[in-house]
Amino acid sequence: KQWYQRRVRIDFSPDKVAEVTFKAGFDGSGGHSIFHQKGSASTNNITMAMVCPLMIKYGEEIVWNQPRPQSQNTQRPVMLQLGKETVESLKIYGPLTKEMAELEEECFMVRVDDKMISARVRIRITALDRKAADAVTGLK
């Protein structure tokens, strides 16, 4: 695999804000091997919340884009839960979704070299299957 990195020259300005956009989602996986382990259906299934950085903007300029947003290598777990993916078990992600929304309201300072710049986070909850979408939207 080859990963490419490019250098970007940015002229920092106090009136510009950096914005980091993530995609987030919830999904379950099952049928994991329980070979030589005490286990049941509740321990060989995992439900997880994941995030993936998509883009960094400074002002209106895109300074970095995720080249492989669907790759398993770019996903980072935020929460893991043992058990089968059910609408009931996915309800735990409701408070996490609320926290993600609250993060978007905040602006924070980041030091880049010798300058302090304002930054903000944008989280798009787009990586959902039907069961997770129903749980997050409260439809079931």
Side-chain angles (χ1 to χ4, degrees):
K1 292 182 181 178
Q2 291 182 339
W3 293 91
Y4 298 96
Q5 185 176 10
R6 67 181 176 105
R7 292 202 177 267
V8 177
R9 179 161 172 72
I10 300 173
D11 293 321
F12 294 107
S13 166
D15 59 331
K16 290 184 183 178
V17 176
E19 186 175 286
V20 183
T21 303
F22 291 88
K23 78 172 180 173
F26 315 104
D27 199 8
S29 64
H32 299 287
S33 174
I34 54 173
F35 182 69
H36 286 305
Q37 297 180 41
K38 291 181 182 177
S40 66
S42 66
T43 59
N44 71 337
N45 292 282
I46 299 173
T47 307
M48 60 201 111
M50 303 150 300
V51 296
C52 170
L54 292 178
M55 171 178 48
I56 299 174
K57 282 174 59 176
Y58 186 66
E60 294 301 313
E61 181 184 0
I62 296 173
V63 295
W64 179 80
N65 248 333
Q66 176 61 261
R68 294 174 186 84
Q70 300 302 94
S71 170
Q72 64 189 14
N73 296 329
T74 62
Q75 309 301 314
R76 294 296 174 255
V78 176
M79 181 187 293
L80 297 173
Q81 175 183 357
L82 289 176
K84 244 176 147 22
E85 179 184 16
T86 63
V87 172
E88 196 60 38
S89 70
L90 288 168
K91 287 183 180 177
I92 193 168
Y93 295 112
L96 183 62
T97 304
K98 185 178 179 224
E99 287 179 30
M100 288 179 185
E102 289 171 357
L103 276 174
E104 289 192 353
E105 296 172 11
E106 301 294 322
C107 206
F108 55 93
M109 301 301 289
V110 177
R111 180 179 299 280
V112 178
D113 296 326
D114 62 339
K115 300 194 183 203
M116 295 297 286
I117 62 169
S118 295
R120 110 175 345 121
V121 174
R122 296 285 177 232
I123 302 172
R124 305 293 175 243
I125 301 174
T126 58
L128 301 169
D129 62 9
R130 171 56 109 194
K131 215 181 281 185
D134 289 347
V136 168
T137 58
L139 293 177
K140 285 196 179 187

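Worth knowing before you read on, the calculation uses all heavy atoms, side chains too, and leaves out hydrogens, waters and symmetry mates.
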**Q** Would you say Y58 ends up clustered with M116 if hydrophobic residues are merged whenever their side chains have heavy atoms under 4.5 Å apart, either directly or through other cluster members?
**A**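 Hydrophobic grouping puts M116 apart from Y58.
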
**Q** In Å, rounded to the nearest 0.5 Å, how long is the span from CZ of R120 to CD of E19?
**A** 7.0 Å

**Q** Are V17 and M109 linked, directly or through other ILVMFWY residues, by side chains that come within less than 4.5 angstrom of each other?
**A** no

**Q** Main chain of R68, side chain of T74: is a donor-acceptor contact present, judged purely on distance under 3.5 Å?
**A**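 Yes, because the side chain of T74 sits within donor-acceptor range (under 3.5 Å) of the backbone of R68.
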
**Q** If you round to the nearest 0.5 Å, how far is CE of M48 from CE of M79?
**A**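 Answer for the CE-CE pair, M79 versus M48, is 13.0 Å.
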
**Q** Would you sort out whether E104 and I123 count as a side-chain contact (heavy atoms from CB on, under 4.5 Å), showing the intermediate values?
**A** CA-CA 7 Å; E104 289 192 353; I123 302 172; 3.9 Å; yes

**Q** Are V110 and V20 connected, step by step, through hydrophobic side chains (Ile, Leu, Val, Met, Phe, Trp, Tyr) whose heavy atoms are closer than 4.5 Å?
**A**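 Result: yes, single cluster for both.
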
**Q** I'd like to check I62 versus M55 (side-chain heavy atoms, cut-off strictly below 4.5 Å). Are they in contact?
**A**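 They are in side-chain contact.
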
**Q** Could you tell me whether E60 atom CD has more than 12 heavy atoms of other residues or ligands within 6.0 Å of it?
**A**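 Result for CD/E60: open.
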
**Q** For C52 and Q66, which heavy atoms make the closest approach, and how far apart are they?
**A**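 Reported closest heavy-atom pair: SG-NE2, 4.2 Å.
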
**Q** About how many Å separate CD1 of I56 and CD of E61, when rounded to the nearest 0.5 Å?
**A**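 Taking CD in E61 and CD1 in I56, the distance rounds to 12.0 Å.
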
**Q** Nearest 0.5 angstrom please: K57 NZ to K16 NZ, how far?
**A**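 So the gap between those two atoms works out to 11.5 Å.
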
**Q** Counting only N and O atoms by type, is there a donor-acceptor contact under 3.5 Å from the side chain of Q75 to the main-chain atoms of P69?
**A**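 Between the backbone of P69 and the side chain of Q75 there is a qualifying donor-acceptor contact (under 3.5 Å).
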
**Q** Nearest 0.5 angstrom please: I117 CD1 to F108 CZ, how far?
**A**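 Atom-to-atom, I117:CD1 and F108:CZ are 9.0 Å apart.
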
